[in-house]
Asker: 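Dropping a structure here in structure tokens format, bear with me for questions.
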Number of protein chains: 2
Amino acid sequence: MTAPPRSAAAAAAARVVDIGELRQSCAACALHALCLPASIDGHDLARLDHLVKRRQPLDRGATLFREGSAHPSLFVVRSGSLKTSVTLPEGDNQILGFHLSGEILGFDGLAGERHQCTAEALERASVCEVPFEQLSRVAAQVPGLQHQLFRVMSREFVREQQHPVMMGRKQALSRLAIFLRNLSERRAATGHDPLELQLSMSRQDMANYLGLVIETISRLFSRLHAQGLVRVERKTVRILDPAALHALAEGGEDENRALA
Amino acid sequence: MTAPPRSAAAAAAARVVDIGELRQSCAACALHALCLPASIDGHDLARLDHLVKRRQPLDRGATLFREGSAHPSLFVVRSGSLKTSVTLPEGDNQILGFHLSGEILGFDGLAGERHQCTAEALERASVCEVPFEQLSRVAAQVPGLQHQLFRVMSREFVREQQHPVMMGRKQALSRLAIFLRNLSERRAATGHDPLELQLSMSRQDMANYLGLVIETISRLFSRLHAQGLVRVERKTVRILDPAALHALAEGGEDENRALA
DNA sequence: CGGCCCATTGAGGTCTCTCAAGGCGTGTGG
DNA sequence: CCACACGCCTTGAGAGACCTCAATGGGCCG
């Protein structure tokens, strides 16, 4: 599919397509299995479907919600990717995670009336929104949904725990290897080629997430490229030697000098 | 209170005291406000109280649950403190957090049938246990409890996010300052003197948690002591200059050389 | 085509890690 | 009650890894 010319007719057609997408119900959604409990029946599904809002696609750099945003919601990423971050008192910010297609974000807002971090699109992205207040009410009446919510929250909880595990590694090369391996696994989980990574975030974002500086990221990529472990082409990274990358990811405590 | 002599009678007396503690109901528990929704009524409270198990106190080094433990539960720390950690493929482990009196742990097990990390007592500690499977069933029938569970989970979610924020700081001194400030705030939240910290974990645990080595921790404490910011006495740390500590915690990105 | 931003690469400095030795507190056994 | 051993913590010297500063290269968009 090639990019259409910028005409009013084409724009209108694109909008129609978007609306078509937006009208897609939960029952027909490709992410069905990720969102919904397997045991939910047609009647309950309709109730859930009713409170899901499909938002207009977000452009690159657009914010989905900010620290302090009221009426928090859960969001399911239907396409594209986002990053979440918190702003530190000094002004700079720490990136907490990247959220790919099929993943859920927004759990930070459930503790109170407001979101605790900021979510921004890394590329054009579309999401489903489920206002938490309404979701909570429905979950109270649909035990299967409540249970699924606990499961999904806990899964995110465990996923978040991998961040400090990575940051705790003393060697920068191990952190990057873990990061790439993690993305590879998430590609596989959504049915894509796990060896072909699309890094939608900037080098700066990666550096921030890994607790390094941008130059170090760049040098490490060059090193991995020179050793034939990956093929780096701007935002596209092809993993050529998964086993070696895996070894780098593990050997981060003290014996990685032998591997380098 | 001095340590009693090791006699059979004293041991029996201690056990009686323990049982007395164990029989305390949720309604009378000092942690009431942390566990329970404010709106819960007497009848529902009784149902919840019924499924809470009070465990025998854990000795220092005892494990509350391990990675892979079946039938996951939530635990409320009633006294003492614990640490949670995951074991890495190479054999060493990463500490994910410390859990003080009044705090809740065990959310890692809700995603599946088993816990995903290991919890170990840092000192003699007592906890309340709530098997998640039963809690989930009751929560489905008590909307106030369900809502409170979401809130507590989300609060832990946000609390966990502070770990990578701290690890992301390039300077070791900032990480330690943030760690101490965090402990201070948690002391204040539970009604204790926020300037008097009892570090129940070893220097090795602190180093692991902060992504540093033990010698660095020791040197940083000496530096803070020499500058008059804290008074370090083995496991006891008294904060003498909270403002300066706060400044160190913030100025970690690049301008902290000016402060040191 | 030109400007701009992002990414890459190089040289030098410094913070933290590594390796090593010594001090202190605790618990155990005589 | 004291002596000893053990573990934990502290302190020092040296090396290595990453950060800082600086300049160049390459896409992307106007």
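Predicted model only: the values in this text are computed from it and were never measured. Any value given below was found using the heavy atoms of this structure, including those in side chains, with hydrogens, waters and symmetry copies removed. First the proteins, then the strands, lettered A, B, ... as listed; each starts at 1.
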Asker: Picking from D:dC19, C:dT8, D:dC18, which would you name as closest to the side chain of A:Arg203?
Answerer: C:dT8

Asker: Side chain of B:Arg234: nearest nucleotide among D:dC9, C:dC17, C:dA7?
Answerer: D:dC9

Asker: D:dC18 phosphate, OP1 or OP2: any side-chain N/O from A:Gln171 under 4.0 angstrom?
Answerer: yes

Asker: Given the structure, check if the side chain of B:Arg175 and the base of C:dT16 hold any donor-acceptor pair shorter than 3.5 Å.
Answerer: no

Asker: So, the side chain of B:Ser174 versus the backbone of B:Lys170: is there a donor-acceptor pair under 3.5 Å, distance only?
Answerer: no

Asker: I need the CD1-P distance between A:Ile217 and D:dC19, as an integer number of Å.
Answerer: 9 Å

Asker: Which parts of residues 206-215 of chain A get close to DNA chain D, meaning a heavy atom less than 4.0 angstrom away?
Answerer: A:Gly211, A:Leu212, A:Val213, A:Glu215

Asker: Rounding to a whole Å, what distance do you find between A:Glu123:CD and D:dC28:P?
Answerer: 15 Å

Asker: Of the candidate nucleotides C:dT8, C:dT16, D:dC19, which contains the atom at the shortest distance from the side chain of B:Thr216?
Answerer: C:dT16

Asker: Given atom CG of A:Leu173 and atom P of D:dA17, what is their separation to the nearest angstrom?
Answerer: 11 Å

Asker: Atom CD of B:Glu233 to atom C1' of D:dC8: distance rounded to whole Å?
Answerer: 16 Å

Asker: Please state how far atom CG in A:Leu220 lies from atom C1' in D:dA17, giving the value in whole angstrom units.
Answerer: 11 Å

Asker: Would the distance check show the side chain of B:Arg169 and the main-chain N or O of B:Glu250 forming a donor-acceptor pair, the cut-off being under 3.5 Å?
Answerer: yes

Asker: Take the protein atom CG of B:Asp205 and the nucleotide atom C1' of D:dC9, then report the distance between them rounded to whole Å.
Answerer: 14 Å

Asker: Donor-acceptor check, side chain of A:Gln94 to backbone of A:Asn208, threshold 3.5 angstrom: yes or no?
Answerer: yes

Asker: Tell me whether B:Asp205 is salt-bridged to B:Lys83, with the criterion being a basic N under 4.0 Å from an acidic carboxylate O.
Answerer: yes

Asker: I'd like to know if B:Arg169 reaches the base of C:dT16 with its side chain, counting only an N/O donor and acceptor under 3.5 Å.
Answerer: no

Asker: Using OP1 and OP2 only, check whether a side-chain N or O of B:Lys235 sits under 4.0 Å from D:dC9.
Answerer: yes

Asker: Drop me the distance from B:His115's NE2 to B:Glu67's CD, to the nearest 0.5 angstrom.
Answerer: 11.5 Å

Asker: Going by the rule side-chain hydrogen bond (donor to acceptor under 3.5 Å, both in side chains), which residues pair with A:Thr236 if we only count those two or more places apart in sequence or in a different chain?
Answerer: A:Gln198

Asker: Report the nucleotide, chosen from C:dT16, D:dC28, D:dT10, that has the shortest atom-to-atom distance to any side-chain atom of B:Ser222.
Answerer: D:dT10

Asker: B:Met201 or B:Arg219: which one's nearest nucleotide on DNA chain D is closer to the 5' end?
Answerer: B:Met201

Asker: Quick one: ring-ring contact (aromatic ring centres under 6.0 Å, His included) pairs with a partner in residues 156-176 of chain A, sequence neighbours left out?
Answerer: A:Phe157-B:Phe107, A:His163-A:Tyr209

Asker: Taking B:Asp108 for the side chain and B:Cys117 for the main chain, is one N or O donor matched with an acceptor at less than 3.5 Å?
Answerer: yes

Asker: Nearest of C:dA7, C:dC17, D:dC19 to any side-chain atom of A:Ser218?
Answerer: C:dA7

Asker: Atom CD of A:Gln204 to atom P of C:dC4: distance rounded to whole Å?
Answerer: 20 Å

Asker: How many Å lie between CZ on B:Arg223 and P on D:dT10, as a whole number?
Answerer: 15 Å

